[in-house]
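Each ligand, and each atom within it, is numbered from 1 in the order the structure gives. Just so we're clear, the structure is a prediction, and the values are computed from it rather than from any experiment.
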Amino acid sequence: MHKVLCLNKISPIGTDRLGAEYEFSTDMQNPEGILVRSAAMHDMELPAELLAIARAGAGVNNIPIAKCSEAGIVVFNTPGANANAVKELVLAALFMTSRKIIPAIEWAKTLKGSGKEVSKLVEKGKSAFAGPEILGKKLGVIGLGAIGVLVANAAQTLGMQVYGFDPFLSVDAAWNLSSSITKAASIDDILTNCDYITIHVPLNDSTRGLIGGDALAKTKPGVRLLNFSRGELVDTAALLPALESGHVAAYATDFPDDALIGVENVLAIPHLGASTPESEDNCAMMAVDQLKDYIENGNIKNSVNFPAISMPRDAQTRICIAHRNIPNTIGSFTALCGAAGINIENMLSKSRGDWAYTILDVSNDVTPDLLAELEALDPVVRARAI
Ligand SMILES: NC(=O)C1=CN([C@@H]2O[C@H](COP(=O)(O)OP(=O)(O)OC[C@H]3O[C@@H](n4cnc5c(N)ncnc54)[C@H](O)[C@@H]3O)[C@@H](O)[C@H]2O)C=CC1
Ligand SMILES: O=C(O)CCC(=O)C(=O)O
């Protein structure tokens, strides 16, 4: 029986796929797998038995990736599975930051009890909530991955002039991006030209504080800023005076902090980007399928720390080895197998940056001694036989 710990609410459409061979709970000791959404895992002790963590979603900044790699724990995410849900909320925010819809609705509620005067009061008061149209305005999209591409294409069909910036644009994203999107040469191109700016990059050490005082100073007066990626991408301390002066006309964020809540022209949304049944089902199914395939077959798809690797099973036993990407490592695996009388029928090894992963399909039983010898090799962080 395999054990999977679930740290957040995960759609049963996904967890039902675990099947009868799995024990699944929100509270258990020594799991082999963890399913997680946004739960903070940085301070969590990683169980010795833990093989993999599957993040049902895109962002993995809540997971200690480097620590997981060192322990041979494979971390998965579900690229694109919630992108449409986020795109739809970003489009809603484009309209809401323009037309003052939320404060206007709040104001309309205050007219309750005014009887026949309501329509007169509405006409008198409505001018306080006027706001511009998005048609023809310039939208800058920073980060053209799964979400950024969908936002850029949709905004273009709504009549916006869309500029995109992504120094690491993938081939897939380039194929999916409308040819009408203008390529920005630098982030400054976006900052200085756009009426609306939306951020769709991961949070990491190089993007933290991406929009700080310097960046804000380059933006057009009256710019509207949207952040559906992570709160720490925008420096709240720098943003507050820009909102106060009106230089930033509105800020929509899915990640409000205490200082932003209640501030005029801040649209503080409680991290609802991926909260649709469709997205929750998609993410859960992908996360569970990837986790199962890893636990049962050692195959890796959509990992953020180890390479993609997959091989059909056609031998008695599979040895899976997570290791550092350094020369002569594979030779030491085959030498140890040979010395143990193990015949390798098929093998595959892939690397990704500092890390690598090797699958050896063998025609014999594998002894705990051989696994211990493999794991004792310097580059190896985890070896198991399935
Ligand atoms: N509000 C919510 O509920 C959700 C938020 N997110 C956040 O949105 C982020 C993006 O999600 P996806 O589009 O699915 O990820 P993705 O990985 O498909 O796309 C991220 C893109 O950002 C680009 N990028 C990285 N650094 C950059 C930089 N300095 N400047 C410009 N581009 C840069 C990458 O090349 C990549 O194309 C996630 O990392 C997550 O933090 C994702 C899903 C739901
Ligand atoms: O699971 C969620 O609701 C959060 C989604 C998210 O932020 C992500 O996928 O990066």
Got more than 12 heavy atoms from elsewhere within 6.0 Å of [atom1], [X]?
| X | atom1 | result |
| --- | --- | --- |
| D354 | CG | no |
| D258 | CG | no |
| D378 | CG | no |

Under 3.5 Å, is there a donor-acceptor pair between the [X] and [Y] side chains?
| X | Y | result |
| --- | --- | --- |
| S206 | N204 | yes |
| E32 | Y22 | no |
| S229 | N227 | no |

Residue, atom name and distance, where the atom is the protein heavy atom closest to [atom]:
| atom | value |
| --- | --- |
| atom 31 (C) of ligand 1 | P167 CD, 3.4 Å |
| atom 11 (O) of ligand 1 | I147 CD1, 3.4 Å |
| atom 35 (O) of ligand 1 | D166 OD1, 2.8 Å |
| atom 20 (C) of ligand 1 | H200 O, 3.6 Å |
| atom 43 (C) of ligand 1 | N82 OD1, 3.4 Å |
| atom 41 (O) of ligand 1 | S229 O, 3.2 Å |
| atom 5 (C) of ligand 1 | F228 O, 3.1 Å |
| atom 29 (N) of ligand 1 | T207 CG2, 3.8 Å |

Any ion pair linking [Y] and [X] (charged N to carboxylate O, less than 4.0 Å)?
| X | Y | value |
| --- | --- | --- |
| E123 | K126 | yes |
| K109 | E106 | yes |
| K292 | E21 | no |
| E345 | R318 | no |

Side chain or backbone of [X] under 4.0 Å from ligand 1, or both, or neither, by non-hydrogen atoms?
| X | value |
| --- | --- |
| V201 | both |
| L144 | backbone |
| F255 | side chain |
| V86 | side chain |
| R230 | side chain |

TODO: Ignoring hydrogens and angles, tell me if any N or O in the side chain of D361 forms a donor-acceptor pair with the backbone of A315 under 3.5 Å.
DONE: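 Side chain of D361 to backbone of A315: no pair is present.
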
Open item on the list: Quick one: does any side-chain atom of R324 pair with a main-chain N or O of W355 as donor and acceptor, under 3.5 Å?
Closed with: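 Answer holds: no.
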
- [ ] Pull out every atom of ligand 1 sitting under 4.0 Å from any heavy atom of G143, numbered as shown with elements.
- [x]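 Those of ligand 1 that fall under 4.0 Å from G143 are 22 (O), 31 (C), 32 (N).
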
- [ ] Give the numbers and elements of all ligand 1 atoms closer than 4.0 Å to a heavy atom of D254.
- [x]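 Here the atoms of ligand 1 in question are 1 (N), 2 (C), 3 (O).
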
- [ ] Please confirm whether H271 and F255 have ring centers closer than 6.0 angstrom.
- [x]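 So the answer is yes for these two rings.
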
Open item on the list: Measuring from atom 39 (O) of ligand 1, which candidate in G273, P202, G231 has the nearest non-hydrogen atom?
Closed with: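 Residue with the shortest heavy-atom distance to the ligand atom: P202.
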
Open item on the list: Judged on heavy-atom distance to atom 16 (P) of ligand 1, which of S38, A146, A274 sits nearest?
Closed with: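 It is A146 that holds the nearest heavy atom.
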
Task: Residues lining ligand 2 [heavy-atom distance under 4.0 Å, listed by chain and residue number] - done: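 Under the 4.0 Å cut-off, ligand 2 touches R37, S38, R55, G57, A58, G59, N82, R230, H271, A274.
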
TODO: Classify the angle between the aromatic ring planes of Y294 and Y357 as parallel (below 30°), tilted (30 to 60°) or perpendicular (above 60°).
DONE: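 Ring orientation, 0 to 90° scale: tilted.
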
